[in-house]
Amino acid sequence: MLNLLQLLEQQGVIRALDYQFARLLHSMNPDPLVTLLGANTSHELGRGNVCMSLKGALFGLDHSASQKLLTHTGFVREQWPNLLSACPLVGDGRVGDDCQPTPLVLDSGRLYLYRYWQYECNVARFLLRQQGEVLDSQQARTILQRLFQRDYSFVAQQCTGQTPTQQQATIIKWLDIEVSESLDWPEIITAINQTTPDATTLDRLIPDSACLNWQKIAVALAASRSFSVISGGPGTGKTTTVVRLLALLTELGLAQNAAPNIKLVAPTGKAAARLTESIGGALARINCSAAVREKIPTQAGTLHRLLGVLPGKSGFLHNHDNQLHLDILVVDEASMIDLPLMSQLLAALPDHARLILLGDRDQLSSVEAGSVLGDICHAAGSGYSGPQVKLLETLTGHSVRNIAAVQPAANHSVSDSLCLLRKSYRFDAQSGIGSLAKAVNSQNIKSLTSVLDGDFADIALMPMASPSDYQRLIQYSVENYRPYLELIGQRATPEAILTAFNEFQLLCALREGAFGITGLNEAMEKALQQQGLIDASSQWYRGRPVLITRNDHGLGLYNGDIGMTVQDEGRLKVAFQLPDKQLKLFLPSRLPEHETVYAMTIHKSQGSEFTSVAMVLPDRDCPVITRELVYTGITRAKSKLSVFSRMNMLVKAAKSPTERESGLHQRLVSNN
């Protein structure tokens with residue numbers, strides 16, 4: 001068996017790590033079945049799966065190649081559970097005086113490495129024990145009404161110059177009206193068109209029961225839970241929602257002379273910087289006192305910095321035995337958090353702390369093993385317990401039971417903790433970006449084709465059928481990067497150059513090849529050189545953008561940070577803007593691992609948004625082209641998206657959802 005596995009390693013089918021783990025197991029117990037399945041379990045981790053299913057294919061091979069390996073074990077699949085259970089290297093996870101940890105754990109038809117089984121159990125245990133928080137309903141409702149007070153002046157501005165029919169549609173959109181047929185529209189439109197909109201009359205004409213503000217529901221839900229998830233796509237207002245939530249919790253805390261200690265984090269430096277910017281903007285607009293506003297932090301950090309990295313060690317400074325000092329933790333871009341990191345974060349939380357996860361459940365899962373946010377959202381379903389429905393209706397005035405079924409499950413610790421923000425204020429029916437993202441996400445091929453064939457001003461499909469189409473992609477990107485390079489020639493500030501560079505990004509799916517970052521970055525440098533925009537005669541030159549690919553906690557640079565090479569005091573230095581807007585300059589020789597970033601993988605773009613995006617897909621079928629990958633690429637664009645791809649690749653992606661092997665969903669559902 002080891003010889004067969006060594007051959008697979010030499011062929012690049014499995015990693016050297018997988019083969020070495022198989023050798024270790026074989027040295028402990030020369031059982032060909034355990035050696036084979038142990039290697040496959042390790043291999044699955046490399047593919048992002050927490051475990052291997054005993055019913056799944058081996059190493060992603062076709063049936064014939066997989067069957068060839070199986071014959072060398074001498075056993076059929078139906079015998080595996082009993083054989084594995086009898087092996088001393090495979091346990092059920094229990095550890096005690098008479099039971100020691102085993103390298104492998106068999107649980108519910110899934111085979112785990114012990115450590116990852118433990119991570120999964122820890123996360124499930126944390127989520128299932130979460131309960132509701134004691135809340136003064138009347139006080140919370142009063143604060144909620146103020147925080148979500150309607151801005152009729154803003155709505156009136158949006159209605160300017162519109163016909164009565166258009167005004168009705170605008171009012172429905174911005175006041176989140178769900179039941180419009182029974183409303184007195186002539187009176188409403190008369191009131192909104194007064195020099196100063198008549199708020200008292202409008203409040204009477206449009207009662208809360210006719211509206212459904214998902215952000216308000218999310219704030220009410222999260223305020224009532226020690227753990228909550230607020231998930232939604234771009235433009236649904238996750239940051240605005242969490243700022244109002246923090247204002248509510250802070251005001252409630254101040255009333256008890258106990259202002260909460262709040263921390264804001266994200267998985268990467270780039271995501272933390274965007275959260276910092278969004279929080280600051282949202283905080284300036286909310287209706288709360290100066291005392292409340294002062295207690296809400298405006299600076300976000302990285303998750304690793306919060307936990308405290310120990311150089312040369314795998315653990316963190318803060319753990320189960322040395323927990324974090326905080327009352328409320330907000331984690332943005334939670335879809336990027338892998339299972340081990342989530343387990344370590346939860347262990348470091350004090351028992352009294354609230355945890356609020358923000359993220360888009362439809363985005364790509366973490367690069368490493370697990371799909372924690374997706375598993376939580378999937379397990380939560382679409383309904384709440386009866387008491388939770390009643391509380392949400394009391395706090396918001398909305399009729400929640402009409403849109404969220406009451407679930408009869410005995411344990412609602414997960415289902416009562418999730419709110420999906422379902423309305424995008426950025427992307428409406430007139431938005432091509434929003435329509436395309438929705439079509440891909442819903443696997444609606446007819447709608448996908450219709451959107452791309454339509455006349456939306458913010459999207460364009462550029463077919464990739466010939467070498468000239470590839471050159472068109474390169475030239476298009478050159479023109480979009482030209483503004484920041486011209487600023488370099490004009491000796492603009494590093495801040496201005498970085499801002500201009502981040503207006504546009506070329507995104508791709510692969511690392512290698514002409515359609516990957518290696519080929520695209522090479523082609524971009526060549527094209528920019530030919531047009532005199534850069535001088536790439538040496539590795540480092542003014543205008544070279546770089547992406548950090550390895551954390552360096554000493555320098556304060558993290559995986560995903562983007563820097564720009566500029567001239568400073570006669571020397572080339574790389575400028576980075578930190579989450580607090582501080583600018584730091586480094587000599588190129590000091591940088592941790594990095595790469596040129598005219599083109600960036602869609603994976604690396606998570607946590608970022610750009611005004612304009614060019615997304616290129618490869619010219620042939622590739623397993624990594626999935627629905628989540630394409631959806632994530634589409635939703636990085638705020639105002640303009642150009643898709644360079646064959647239509648059949650987009651269709652295939654929409655039909656190919658990512659499926660990660662995990663037992664977390666089952667653990668949550670079986671106890672939910």
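Basis for what follows: all heavy atoms, side chains included, without hydrogens, waters or symmetry-related copies.
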Which atom of Phe576 lies closest to which atom of Ile562, heavy atoms considered: CD2-O, 3.4 Å

Listed by chain and number, what are the side-chain contact (heavy atoms from CB on, under 4.5 Å) partners of Leu317, not counting sequence neighbours? Leu310, Asn322

Tell me if a side-chain donor or acceptor on Gln323 pairs with a main-chain N or O of Ala347 at a distance below 3.5 Å. yes

Pairs satisfying ring pair (Phe, Tyr, Trp, His ring centres under 6.0 Å), at least one member in residues 216-241, at least two apart: none

Run Leu111 and Val105 through side chain to side chain contact (heavy atoms under 4.5 Å, CB included) and show every step you take. CA-CA 6 Å; Leu111 193 62; Val105 173; over 6 Å; no

Which residue pairs pass the salt bridge (Lys or Arg N to Asp or Glu O under 4.0 Å) test with at least one member in residues 230-252, sequence neighbours excluded? Arg146-Glu251

Just by distance, do the side chain of His603 and the backbone of Val367 share a donor-acceptor pair under 3.5 Å? no

Regarding Asp416 and Gln388, do their side chains bring together a donor and an acceptor under 3.5 Å, going by distance alone? no

Taking salt bridge (charged side-chain N to carboxylate O under 4.0 Å, His left out) as the test, write out the residues that go with Glu593, two or more places apart. Arg550

Below 4.5 Å, heavy atoms only, C-beta onward: do Leu364 and Ile602 meet side chain to side chain? yes

Salt bridge Arg667-Asp107, side-chain N to carboxylate O under 4.0 Å: yes

Out of curiosity, Asn29 CG to Leu89 CG, how far, rounded to the nearest 0.5 Å? 4.5 Å

Pairing residues for Arg627 by the salt bridge (charged side-chain N to carboxylate O under 4.0 Å, His left out) criterion, not counting sequence neighbours: none

I'd like to check the salt bridge (charged side-chain N to carboxylate O under 4.0 Å, His left out) partners of Asp92; sequence neighbours left out, ordered by chain and number. Arg94

When you compare the side chain of Ile356 with that of Ile328, does any pair of heavy atoms fall below 4.5 Å? yes

Determine whether a donor-acceptor pair (N or O, by modelled atom type, separation under 3.5 Å) exists between the side chain of Ser366 and the backbone of Met336. no

Mind checking what makes salt bridge (charged side-chain N to carboxylate O under 4.0 Å, His left out) contact with Asp18, not counting sequence neighbours? Arg15

Test item: Ser413 side-chain N/O and Arg129 main-chain N/O as donor-acceptor pair under 3.5 Å: no

Do Glu120 and Leu339 come within less than 4.5 Å of each other through their side chains, counting heavy atoms only? yes

Pairs where residues 336-379 contributes a residue and the test ring pair (Phe, Tyr, Trp, His ring centres under 6.0 Å) is met, not counting sequence neighbours: His378-His665

Answer yes if the side chains of Ser424 and Thr236 hold a donor-acceptor pair under 3.5 Å, and no otherwise. no

May I ask you to test the Ser209-His398 pair for a side-chain heavy-atom distance under 4.5 Å? no

Check whether any side-chain heavy atom of Phe610 lies under 4.5 Å from a side-chain heavy atom of Lys638, and answer yes or no. no

Compare every heavy atom of Arg150 with every heavy atom of Cys211, then report the nearest pair and how far apart it is. SG-NH2, 3.5 Å

Indicate yes or no for a side-chain donor-acceptor contact from Ser42 to the backbone of Ala39 under 3.5 Å, with no hydrogens or angles considered. no

Is the backbone of Arg110 close enough, under 3.5 Å, to the side chain of Ser53 for a donor and an acceptor to pair up by distance? no

Just do the side chain to side chain donor-acceptor pair (under 3.5 Å) check on Ser228 and Ser417 with the steps written out, would you? CA-CA 5 Å; Ser228 57; Ser417 299; over 6 Å; no

Going by distance alone, is a donor N or O of one side chain under 3.5 Å from an acceptor N or O of the other, for Gln363 and Tyr631? no

Spacing of OG belonging to Ser343 relative to CD1 belonging to Ile337, to within rounding of 0.5 Å: 12.0 Å

Do Thr396 and Asn213 have side chains that approach each other closer than 4.5 Å (heavy atoms only, starting at C-beta)? no

Ignoring hydrogens and angles, state whether a donor on the side chain of Glu628 or Asn441 is under 3.5 Å from an acceptor on the partner side chain. no

For residues 278-288, which side-chain donor-acceptor pairs fall under 3.5 Å, sequence neighbours excluded?
| from | atom 1 | to | atom 2 | distance (Å) |
| --- | --- | --- | --- | --- |
| Ser278 | OG | Arg274 | O | 2.9 |
| Arg285 | NH1 | Gly281 | O | 3.0 |
| Asn287 | ND2 | Gln149 | OE1 | 3.1 |

Let me check something: any side-chain donor-acceptor pairs from residues 256-268 under 3.5 Å, sequence neighbours excluded? List them with distances.
| from | atom 1 | to | atom 2 | distance (Å) |
| --- | --- | --- | --- | --- |
| Asn261 | ND2 | His325 | O | 2.8 |
| Thr268 | OG1 | Ala271 | N | 3.1 |

Does some side-chain heavy atom of Leu144 sit less than 4.5 Å from a side-chain heavy atom of Val219? yes

Salt bridge (Lys or Arg N to Asp or Glu O under 4.0 Å): which pairs involve residues 292-312, sequence neighbours left out? none

List the residues meeting side chain to side chain donor-acceptor pair (under 3.5 Å) with Arg125, not counting sequence neighbours, and say none if there are none. Asn122

Interatomic distance, OH@Tyr384 vs CG@Leu418, rounded to 0.5 Å, equals 6.0 Å

Examine distances only and state if a side-chain atom of Asn49 and a backbone atom of Cys51 form a donor-acceptor pair shorter than 3.5 Å. no

Check whether the side chains of Ser226 and Gln130 place a donor and an acceptor atom closer than 3.5 Å, and report yes or no. yes

Heavy-atom side-chain proximity of Arg225 to Glu133 below 4.5 angstrom: no

Leu306 CG to Thr302 OG1 distance, which is reported to the nearest 0.5 Å: 8.0 Å

